[in-house]
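Have a look at the structure below, then the notes.
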Amino acid sequence: MSVKPSKLPPFDPADPLGIDDLLDPEDLAIRDTVRSWAADRILPHIAEWYENGELPGIRELARELGSLGALGMSLQGYGCAGATAVQYGLACLELEAADSGIRSLVSVQGSLAMYAIHRFGSEEQKRRWLPGMAAGETIGCFGLTEPDHGSDPAGMRTYAERDGRDWILTGRKMWITNGSVAGVAVVWAQTDEAGGGSGIRGFVVPTDSPGFSAPEIRHKWSLRASVTSELVLDGVRLPADAVLPDVTGLRGPLSCLSHARYGIVWGAMGAARASFEAAVDYAKSREQFGRPIGGFQLTQAKLADMALELHKGILLAHHLGRRMDAGGLRPEQVSFGKLNNVREAIEICRTSRTILGANGISLEYPVMRHATNLESVLTYEGTVEMHQLVLGKALTGLDAFR
């Protein structure tokens, strides 16, 4: 007996693979809430903020994001939302569809600073800092990268030495998101507890500590609507209980970075989606030779190729999110996602720019802003080369880092 096929749903250009069918009502509600907030609070102003190189009202924005439950979103307890990894990823996508700087604010707050305290901190540290950070009342930053040490954090020069029961921190950190507005910094430093990088410890540093300063970095051509700073630690004295007690060595900061990279896997697709949608809208309205340019074969070929990479990237992000929720996501798989999705997002932005022609470089459209932001995303939290080597080692069993 033959079975009569059910009527197929109509083709949805915004969701050509039907990925939304993989999401439950709570997933969709969270996504739509973040999208609506970004449309109301970010999109009307972001071009001006980007052009001026500022993020005014960042503290108010942080509190609003806290009210949405977007800060430390996937963490449990201490005022955090306890959302799934997929829900956190959807929020990152929507935030970066507005601007990478906004997603970076959330990622550094939740996936780096809060995550470090939540996973490796004492109960006292968690109770002191996490509720205020989840609410956006306290902004956090994460100090790992240094002026001379980025991809090789084991070579960091920031040093913590004992003075009685206290610790004295001395050094500099560079390219630190949220640094100038942070109330607390998670700073990683060498100690004399062991050699070869195994003595690296994390410290929870109140930013009003004597000897701590965070001058803002200006003159950026990327992530302009984001607060980026240097951290200067000039003999900062901390009590013994400032150290994160549950981790020693690079395992601590690298696990935090893996969590943040997961958000980037989703976020990059937000920047790509915004640029792609701008290109589609433009192609349908811009007329040349008597008809819309979207009716020409070469333009349609570009749009088709961009749609392929965009939605394959979203599927990849969704797959990694399900693995994280199941407790089975490996760091190498996060490298797979970050390497692919950021690289493809940049290509989507560049191709979108060609469809917009000269208008593509105007801030009236989001394409060039996203493209320049993604140039930073491409190299922060792991350069292309580092992720290629991570995957190369996983595939061959041979270490090419040294």
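Since the structure is predicted, the reported quantities are computational estimates derived from the model, not experimental observations.
The CD atom of Q190 sits 10.5 Å away from the CG atom of D192 when rounded to the nearest 0.5 Å. Here NE2 of H387 is found 13.0 Å from CZ of F336. Values are rounded to the nearest 0.5 Å. The NE2 atom of H318 sits 15.0 Å away from the CE atom of M269 when rounded to the nearest 0.5 Å. With values rounded to the nearest 0.5 angstrom, I168 atom CD1 is found 11.0 Å from R162 atom CZ. Here the straight-line distance linking atom CZ of R237 with atom OG of S209 works out to 11.5 Å at 0.5 Å rounding. Between atom CH2 of residue W188 and atom CD1 of residue I200 there is a gap of 9.0 Å, rounded to the nearest 0.5 Å.
In this structure, R201 fails the cation-pi test against F120, since its NZ or CZ atom is not both closer than 6.0 Å to the six-membered ring centre and inside 45 degrees of the ring normal. With a 6.0 Å cutoff to the six-membered ring centre and a 45° limit on the axis angle, R35 does not count as a cation-pi contact of W37.
Judged purely by atom type and a 3.5 angstrom limit, R157 has no side-chain atom pairing as donor or acceptor with the backbone of P147. With hydrogens and angles ignored, the 3.5 Å screen pairs no side-chain donor or acceptor of T383 with any backbone N or O of T379. Without hydrogens or angle criteria, R261 side chain to E381 main chain gives a donor-acceptor distance under 3.5 Å. A donor-acceptor pair is defined here as one N or O able to donate and one able to accept, closer than 3.5 Å; such a pair exists between the side chain of N373 and the backbone of L223. For T158 (side chain) and G171 (main-chain N/O), no donor-acceptor pair under 3.5 Å exists by modelled atom type. Remark: the backbone N or O of G183 is not paired with any side-chain donor or acceptor of T138 at under 3.5 angstrom. No side-chain donor-acceptor contact under 3.5 Å links R323 to the backbone of L329.
Every residue meeting the ring-ring contact (aromatic ring centres under 6.0 Å, His included) condition with H45, not counting sequence neighbours, appears here in chain and number order: W49. Contacts of S67 classified as side-chain hydrogen bond (donor to acceptor under 3.5 Å, both in side chains), with partners at least two apart in sequence or in another chain: none. Under the ring-ring contact (aromatic ring centres under 6.0 Å, His included) criterion, F212 pairs with no residue at all, not counting sequence neighbours. Not counting sequence neighbours, K338 has no partner by the side-chain hydrogen bond (donor to acceptor under 3.5 Å, both in side chains) test. With sequence neighbours excluded, no residue forms a salt bridge (Lys or Arg N to Asp or Glu O under 4.0 Å) with D24. Partners of R369 according to the salt bridge (Lys or Arg N to Asp or Glu O under 4.0 Å) rule, which considers only residues two or more places apart in sequence or in another chain, are D99. The salt bridge (Lys or Arg N to Asp or Glu O under 4.0 Å) test applied to R330 returns E332, not counting sequence neighbours. Not counting sequence neighbours, T177 has no partner by the side-chain hydrogen bond (donor to acceptor under 3.5 Å, both in side chains) test. Considering only residues two or more places apart in sequence or on other chains, T299 meets the side-chain hydrogen bond (donor to acceptor under 3.5 Å, both in side chains) condition with none of them.
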The test is side chain to side chain contact (heavy atoms under 4.5 Å, CB included); show your working for I361 and R353 and say whether it passes. CA-CA 7 Å; I361 71 168; R353 211 289 297 170; 4.0 Å; yes

Discussion item. Pair Y380, L257 - check side chain to side chain contact (heavy atoms under 4.5 Å, CB included), show working.
Written reply: CA-CA 10 Å; Y380 74 28; L257 288 174; over 6 Å; no

task = Applying side chain to side chain contact (heavy atoms under 4.5 Å, CB included), run through T170 and Y159 and close with a yes or a no.
result = CA-CA 5 Å; T170 301; Y159 191 78; 5.6 Å; no

message: Set out, in order, the CA-CA distance, both residues' side-chain angles and the distance that settles ring pair (Phe, Tyr, Trp, His ring centres under 6.0 Å) for F203 and W167, then state yes or no.
response: CA-CA 9 Å; F203 296 84; W167 290 93; 5.2 Å; yes

**Message:** Apply side chain to side chain contact (heavy atoms under 4.5 Å, CB included) to residues W175 and S376 and explain how you reach the verdict.
**Reply:** CA-CA 11 Å; W175 305 113; S376 292; over 6 Å; no

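Residues S255 and R119 come closest through the heavy atom pair CB-NH1, 3.5 Å. Pairing each heavy atom of S226 with each of L55, the nearest pair is N-CB, 4.3 Å. Across T191 and G199, no two heavy atoms sit closer than the pair OG1-O, 2.6 Å. Nearest heavy atom pair, residue P331 against residue S258, reads CA-OG, 4.0 Å.
Considering only heavy atoms from C-beta on, V367 comes within 4.5 Å of L356 through its side chain. Counting heavy atoms from C-beta on, the side chains of K312 and N340 never come closer than 4.5 Å. Taking 4.5 Å as the limit, every side-chain heavy atom of E146 sits out of range of all side-chain heavy atoms of M174. Side-chain atoms of R103 and V377, non-hydrogen and from C-beta on, do get closer than 4.5 Å to each other. Side chains of V34 and L90 form no contact here, defined as non-hydrogen atoms less than 4.5 Å apart. Side-chain contact between M114 and W129 is absent, with no heavy atoms from C-beta onward closer than 4.5 Å.
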What donor-acceptor contacts under 3.5 angstrom involve side-chain atoms of residues 68-87, with partners at least two apart or in another chain?
{"from": "Y78", "atom 1": "OH", "to": "E123", "atom 2": "OE1", "distance (Å)": "2.8"}
{"from": "Y78", "atom 1": "OH", "to": "E123", "atom 2": "OE2", "distance (Å)": "2.9"}
{"from": "T84", "atom 1": "OG1", "to": "Q87", "atom 2": "N", "distance (Å)": "3.0"}
{"from": "Q87", "atom 1": "OE1", "to": "T84", "atom 2": "N", "distance (Å)": "3.0"}
{"from": "Q87", "atom 1": "NE2", "to": "D27", "atom 2": "OD1", "distance (Å)": "3.0"}

Donor-acceptor list for residues 14-21 side chains, cut-off 3.5 Å, not counting sequence neighbours:
{"from": "D15", "atom 1": "OD1", "to": "G18", "atom 2": "N", "distance (Å)": "3.4"}
{"from": "D15", "atom 1": "OD1", "to": "I19", "atom 2": "N", "distance (Å)": "2.8"}
{"from": "D15", "atom 1": "OD2", "to": "I19", "atom 2": "N", "distance (Å)": "3.2"}
{"from": "D15", "atom 1": "OD2", "to": "D20", "atom 2": "N", "distance (Å)": "3.0"}
{"from": "D20", "atom 1": "OD1", "to": "R31", "atom 2": "NH1", "distance (Å)": "2.8"}
{"from": "D20", "atom 1": "OD2", "to": "R31", "atom 2": "NH1", "distance (Å)": "3.4"}
{"from": "D20", "atom 1": "OD2", "to": "R31", "atom 2": "NH2", "distance (Å)": "3.4"}

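Checking L169, D163, D166 one by one against L238, the side chain to side chain contact (heavy atoms under 4.5 Å, CB included) holds for a single residue, L169. Of the candidates E94, E96, E309, E344, E94 is the only one forming a salt bridge (charged side-chain N to carboxylate O under 4.0 Å, His left out) with R273. Results of the side chain to side chain contact (heavy atoms under 4.5 Å, CB included) test with V265 over L93, I314, N341, V342 single out N341 as the only residue that passes.
By the 30° and 60° cut-offs, the orientation of the rings of Y88 relative to H259 is parallel.
By the neighbour-count criterion of 12 heavy atoms within 6.0 Å, atom CZ of F11 is densely surrounded, having more than that number from other residues, nucleotides or ligands. The number of heavy atoms from other shown groups lying within 6.0 Å of CG (L363) is above 12.
Here salt bridge (charged side-chain N to carboxylate O under 4.0 Å, His left out) pairs that include residues 130-144, with residues two or more places apart or in two chains, number zero.
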